[in-house]
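Below, chain A is the first sequence line, B the second, and so on; all start at residue 1.
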Amino acid sequence: MASPALAVRPALALGRRRVVDRAMSVLFVAATVAAVTPLLLVVGYIAVQGAHGLSIALVTQLPAPVGEPGGGMGNAFVGSAILIAVASAIALPVGILSGVYLSEFGGGRFGDVLRFFTDVLTGVPSIVVGIVAYTILVVPLRSFSALSGGFALSIIMIPTVARTTEEALKRVPLTIREASLALGVHEWTTILRVVIPTGLAGIVTGAMLGIARISGETAPLLFTAFGSAFWQQGLLKPIAAVPLQIFQYAISPYTDWHEQAWAAALILMLLVLGLNVAIRAVTRTGFRTVR
Amino acid sequence: MDRTGARPPEALLEAAAPARGAAVAAPAASAVRIDSLGAWYGARKAIEGISLAIAPRTVTAVIGPSGCGKSTLIRCVDRLHEVTPGARVEGRVHVGDVDIYAPGTDPVAVRSMVGMVFQKPNPFPTMSVYENVAAGPRLRGSRIPRGALDDLVERNLRRAALWDEVKDKLGRPGADLSGGQQQRLCIARALATDPAVLLMDEPCSALDPISTYRIEELMRELAGDVTIVIVTHNMQQASRVSEWTAFVLAGDDGIGRLVEFDATEQLFTKPADPRTEAYITGRFG
């Protein structure tokens, strides 16, 4: 039916196609713009609001007592760094090893189950993770602590690291593994010395994605790290964190605290943005080595 | 010296001991002896009842249409077939006087005495030219002093006719070489473990004619001290490089069987089986 019509009125058919083509293009561009606009608005608004609160004191000094001008939240930046370090110390080994397991030995039913739970863990609300860490660490230790905060963050980080590691290793071509096995190299040596180095860029990406993911988390820290107005006092004591501090300052009635919260949000956002740019750089070189 | 299994790695000696007792049954006269070999992928049988005796220091070609199981066949000689999940093997294969499917034979030890070159050049992407050649001994944990390792790398790059082209870029990534050079690098890498048998699975199918010619030339040179089995879908190539040719064909059931095995010249000029004749005259495949 369609082809005679085409033969009779080719110009019309072509015109219709062109219109559909144009319309779809406009639709896709509009959707992209709609997706990117909020990001640009957020970045722009935080930049405008946060820029004039930026100061060296913000990242080097302790909070000033209420009512006194100045001060900063250096303790929160140090605290966030410690929390991320604790989380990474737990999540990187567990996540990377799980990823290696899933990729290399996860073909069976147990692998599928594990993969399913990893995906479920990704979707667990972070406040719930905070409650879990509270029950496991805060209650028995009878204190809010950097350790429990880091532990909560690590639970959020593990699935990201595990799945990106798995994907990175699965992208290592079968023929590379076979080349190694065919040389008479043991399976474990092949995984450790051939497969993992080949997928390393992807594993590093996973680690960085994990860090980017947790550095802005607030909810899991509420009942774990708790926040603190002092420099860190060890892993078993409450500790400040940037997102927590932003939250506390934002709900306070003081305008200079609001200003500091905006500035801290700007710094946090730039750090995460920087991390993402670094991830892109790593993946790009990664693709080059794999090819 | 007869290289065919004359120097099985120590790890294999124990496993080989029973076979030794029955040395008459499995003489080391052939470099590779395949007895009623069958192989499965899960429930699907890929090859069946293949028996072949491959003479030492010769080039043997395995030809046949796509999907007839020729790659499966040579992967069984390296115990690489079983790496695929669900894959299994029946029958016996001797490499030299080692029964490679005897219970207790370590596949890793088998693979150290059989080299494999794959269809697509696959140098290790994270390693330099030098490291690629040294990979076998190194990853197997041999502690070789630097000087000896340098010698080993140079000797095998020379054997693969690649030394002159890469001697100034040993530190460069192996993946930076051209396709033909990469494939010769892979040959050097396989030779560096000093295999008695070198299996080549369509080693030229991804290469241009000049690189193909180089590798064919190389195969003829290497046949002086290594037994080579090459799978190829290119009959001209089989007739150029090999002394013996095996023709494998999948029946209507999709299972590959050996149709004919003879001296290459004989097989291409006076094939005994009408199916061989049909194939080499281009009537199918």
Side-chain angles (χ1 to χ4, degrees), chain A residues 96 100-115 165-206 281-291, chain B residues 9 11-12 71 74-75 77-86 106-127 131-142 173-176 182 185-186 189-195 197-201 206:
Chain A
I96 290 174
V100 170
Y101 177 82
L102 286 175
S103 155
E104 305 302 314
F105 311 101
R109 168 154 301 197
F110 184 63
D112 287 338
V113 171
L114 218 58
R115 216 168 275 122
T165 300
E166 182 193 356
E167 292 308 319
L169 296 185
K170 277 190 169 161
R171 274 206 308 269
V172 174
L174 183 66
T175 158
I176 298 288
R177 300 157 197 268
E178 289 191 338
S180 176
L181 293 177
L183 290 173
V185 178
H186 275 279
E187 192 177 4
W188 258 111
T189 319
T190 298
I191 292 171
L192 286 178
R193 310 253 322 250
V194 176
V195 178
I196 291 180
T198 308
L200 192 61
I203 297 175
V204 172
T205 305
V282 170
T283 25
R284 204 161 301 146
T285 52
F287 282 134
R288 203 184 307 138
T289 46
V290 167
R291 258 166 40 87
Chain B
L12 273 171
S71 295
I74 67 163
R75 286 168 65 91
V77 179
D78 204 6
R79 290 200 67 170
L80 212 50
H81 174 67
E82 67 209 52
V83 170
T84 312
D106 182 1
V108 171
V110 172
R111 292 176 199 139
S112 343
M113 52 178 213
V114 180
M116 175 76 111
V117 176
F118 297 82
Q119 194 166 349
K120 251 184 80 189
N122 57 357
F124 297 129
T126 54
M127 297 187 195
E131 290 165 335
N132 262 286
V133 182
R138 262 190 184 169
L139 297 185
R140 269 154 51 183
S142 316
D176 278 6
Q182 284 186 25
L185 178 62
C186 293
R189 179 178 67 187
L191 290 173
T193 64
D194 223 357
V197 177
L198 185 63
L199 307 170
M200 304 177 100
D201 188 358

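You'll find the side chain of B:Met116 stays beyond 4.5 Å of the side chain of A:Glu178, heavy atoms only. Between B:Asn122 and A:Pro173, every side-chain heavy-atom pair lies at or beyond the 4.5 Å cut-off. A:Val195 places none of its side-chain heavy atoms less than 4.5 Å from the side chain of A:Ile176. Under the 4.5 Å side-chain criterion, counting only non-hydrogen atoms from C-beta, A:Val194 is in contact with B:Met127.
Heavy-atom pairs under 4.5 Å with chain A peak, among B:Arg111, B:Gln119, B:Arg189, at B:Arg111.
Only the side chain of B:Val83 comes within less than 4.5 Å of a heavy atom in chain A; its backbone stays farther off. Neither the backbone nor the side chain of B:Pro107 comes within contact range of chain A, judged by heavy atoms closer than 4.5 Å. At a 4.5 Å heavy-atom cutoff, the contact between A:Thr189 and chain B is made by side-chain atoms alone. In this structure, no portion of B:Val117 lies under 4.5 Å from any heavy atom of chain A. Heavy-atom distances place both the backbone and the side chain of A:Ser180 under 4.5 Å from chain B.
Between A:Phe105 and A:Trp188, the ring planes lie tilted relative to each other; the angle falls in the 30° to 60° range.
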